[in-house]
Amino acid sequence: MSVGSSQAKCCPFMVSGHQVGWVPPRVVTELGRFPEVFQLQRGTVELSPGLESYTQRSAAVDTVLHCLREENTFRCLRGWRDEKYEVMPQFCDPPMLCMERSATCLFGVKRYGVHINGFTRQPDGGVSMWVARRALGKPTYPGLLDNMVAGGLAAQTSITQTLVKECAEEACIPECIAKCAHPVSTVSYTYEDDEGVFPECQFVFDLEVPQGFTPQIGDGEVLEFYLWPMDKVKEALVTAEFKPNCALVVLDFLIRHSYLDPDTEPHYQQFVAGLHRSL
């Protein structure tokens with residue numbers, strides 16, 4: 001975590017001997033009220049060993065979260081999504097349980113998503129990028145610039161399924177175009193705010209959108225789509241207009257497609273290293 005992080009005060013969140021997150025002190029205090037689910041010992045928060053299966057663990061944690069939600073204990077639970085995220089030590093590991101999306105920051109568990117850089121090649125050979133502006137009613141970062149399509153990886157849903165679904169829902173992009181997206185990178189980072197800790201990894205795709213095709217507003221999460229030349233994208237990137245993690249995904253695109261040069265960009269190495277932080 002960055003300077004000013006509360007990591008030193010957080011307790012490791014353990015499931016069956018594996019660390020899967022970091023629990024802030026104020027959350028630890030509340031979890032201590034549920035000893036049949038969470039055991040507090042030696043500076044750790046451990047899910048009860050008696051909960052041996054994915055189903056048992058998920059159900060027990062869900063019961064606690066519903067209780068905390070009803071009590072209005074944590075502000076993040078007011079944004080309850082009825083969407084589950086898998087919890088596991090590493091992405092390659094079998095999931096150990098699933099958890100309500102809005103609650104993951106309380107446990108500092110790793111969250112995964114899919115972000116798509118949409119771009120179109122112009123007749124003169126230049127490249128323009130599709131940029132979305134988030135709807136003003138979004139609960140987080142309303143009105144800021146976003147990638148063309150992005151979405152979290154829900155439980156028991158593959159990366160490709162998420163990509164196709166989000167393309168259709170957010171931008172009315174048909175499956176035949178969405179499936180032309182190429183996996184190109186991951187971007188990983190951790191941030192925290194007064195709601196909790198957010199270790200995140202985004203699977204990044206590039207999608208060349210055919211000339212003449214325009215993304216359309218689908219589920220209302222986008223206010224407007226823009227097709228901008230790369231110089232304008234670069235100008236916007238150094239302002240506060242982009243949602244922070246989406247800015248990282250665009251920065252990754254600029255580096256991979258040589259829109260930034262290490263001879264002229266003094267922070268080139270720091271940019272590359274910063275895009276791939278350990279979770």
(message) Has Ser58 got a side-chain atom pairing as donor or acceptor with Cys98's backbone, closer than 3.5 angstrom?
(response) yes
(message) With a 3.5 Å distance limit and no angle check, can you tell me whether Thr44 reaches the backbone of Pro12 through a side-chain donor-acceptor pair?
(response) no
(request) Start with the C-alpha gap between Val187 and Cys201, add the side-chain angles, then the distance that decides, and say whether side chain to side chain contact (heavy atoms under 4.5 Å, CB included) holds. (result) CA-CA 6 Å; Val187 169; Cys201 176; over 6 Å; no
(message) Can you confirm whether the side chains of Ser128 and Gln122 place a donor and an acceptor under 3.5 Å from each other?
(response) yes
(request) Give a yes or no on whether the backbone of Glu83 and the side-chain of Arg101 come within a donor-acceptor separation of less than 3.5 Å. (result) no
(request) Report the relative orientation of the aromatic rings in Phe271 and His267; use parallel for angles under 30°, tilted for 30 to 60°, perpendicular for over 60°. (result) tilted
(request) Examine distances only and state if a side-chain atom of His257 and a backbone atom of Phe253 form a donor-acceptor pair shorter than 3.5 Å. (result) no
(request) Determine whether Leu97 and Met14 fall in the same hydrophobic cluster, where Ile, Leu, Val, Met, Phe, Trp and Tyr are linked whenever their side-chain heavy atoms lie under 4.5 Å apart. (result) no
(request) Go through Phe107 and Phe38 one step at a time and tell me if the ring pair (Phe, Tyr, Trp, His ring centres under 6.0 Å) criterion holds. (result) CA-CA 12 Å; Phe107 297 84; Phe38 299 102; 5.7 Å; yes
(request) Measure the shortest side-chain to side-chain distance between Cys246 and Gln202 over non-hydrogen atoms and say whether it is less than 4.5 angstrom. (result) no
(request) Dump the intermediate steps for ring pair (Phe, Tyr, Trp, His ring centres under 6.0 Å) on Phe198 and Tyr189, then the final yes or no. (result) CA-CA 8 Å; Phe198 299 80; Tyr189 49 87; 9.8 Å; no
(message) Do Val131 and Met148 make a side-chain contact, defined as non-hydrogen atoms from C-beta onward lying under 4.5 Å apart?
(response) no
(request) Go through the steps to decide whether Glu224 and Arg133 satisfy the test salt bridge (Lys or Arg N to Asp or Glu O under 4.0 Å), and finish with yes or no. (result) CA-CA 5 Å; Glu224 194 171 1; Arg133 186 172 297 282; 5.7 Å; no
(request) Report the distance from atom SG of Cys11 to atom CG of Leu40, rounding to the nearest 0.5 Å. (result) 7.5 Å
(message) Taking the basic N atoms (NZ, or NE/NH1/NH2) and the acidic carboxylate oxygens, is any pair closer than 4.0 Å for Asp194 and Arg75?
(response) yes
(request) Would you check if Phe91 and Ile159 make a side-chain contact, meaning some heavy-atom pair closer than 4.5 Å? (result) yes
(request) Verify the cluster assignment for Val272 and Leu251: are they in a single hydrophobic cluster under the rule of side-chain heavy atoms below 4.5 Å apart? (result) yes
(request) Please step through side chain to side chain contact (heavy atoms under 4.5 Å, CB included) for the pair Lys234 and Leu260, ending with a clear verdict. (result) CA-CA 10 Å; Lys234 290 171 68 175; Leu260 296 180; 4.2 Å; yes
(message) Using 0.5 Å steps for rounding, measure from the CG atom of Leu31 to the CD atom of Gln39.
(response) 12.5 Å
(message) So for atom CZ, which belongs to Arg121, do other residues, nucleotides or ligands contribute more than 12 heavy atoms lying within a distance under 6.0 Å?
(response) no
(request) Return yes if a side-chain donor-acceptor contact under 3.5 Å exists between Glu265 and Tyr259, otherwise no. (result) no
(message) Quick check for you: to the nearest 0.5 Å, what is the distance between His115 atom NE2 and Thr186 atom OG1?
(response) 12.0 Å
(message) Any side-chain to backbone donor/acceptor pair from Arg134 onto Tyr141? Under 3.5 Å, distance only.
(response) yes
(message) Side-chain heavy atoms nearer than 4.5 Å, only ILVMFWY residues, links allowed to pass through others: does that put Val15 and Tyr112 together?
(response) no
(request) Compare all side-chain heavy atoms of Met88 with those of Val20 and state whether any distance is below 4.5 angstrom. (result) no
(message) For Glu71, is there an ion pair with Arg33 - N to carboxylate O distance below 4.0 angstrom?
(response) yes
(message) Donor-acceptor pair, distance only, cut-off 3.5 Å: does the side chain of Glu170 make one with the backbone of Gly218?
(response) no
(message) Between Tyr85 and Glu100, do the side chains contain a donor N or O and an acceptor N or O under 3.5 Å apart?
(response) no
(request) Go through the steps for Trp130 and Thr214 under the test side chain to side chain contact (heavy atoms under 4.5 Å, CB included), then give the verdict. (result) CA-CA 9 Å; Trp130 285 102; Thr214 301; 3.8 Å; yes
(request) Consider only side-chain N and O atoms of Arg81 and Ser102, and report whether a donor and an acceptor are under 3.5 Å apart. (result) no
(request) State whether the side chain of Glu235 and the backbone N or O of Lys232 hold a donor-acceptor pair below 3.5 Å, judged by distance alone. (result) no
(message) If the threshold is 4.0 Å, N to carboxylate O, is there a salt bridge linking Glu30 and Arg26?
(response) no
(request) Apply salt bridge (Lys or Arg N to Asp or Glu O under 4.0 Å) to the pair Lys110 and Glu200, showing each step before the final yes or no. (result) CA-CA 6 Å; Lys110 301 167 188 174; Glu200 296 189 343; over 6 Å; no
(request) For the residue pair His182 and Asp206, confirm or rule out a side-chain donor-acceptor distance under 3.5 Å. (result) no
(request) Check whether any side-chain heavy atom of Leu77 sits under 4.5 Å from a side-chain heavy atom of Leu106, and report yes or no. (result) yes
(request) Measure the CD-CE distance between Glu86 and Met96 for me, rounded to the nearest 0.5 Å. (result) 12.0 Å
(message) If you apply the rule side chain to side chain contact (heavy atoms under 4.5 Å, CB included), what do you find for Arg256 with Val184, and how did you get there?
(response) CA-CA 9 Å; Arg256 289 185 293 99; Val184 291; 3.3 Å; yes
(request) Could you tell me whether a side-chain N or O of Asn147 sits under 3.5 Å from a main-chain N or O of Val149, the two making a donor and an acceptor? (result) no
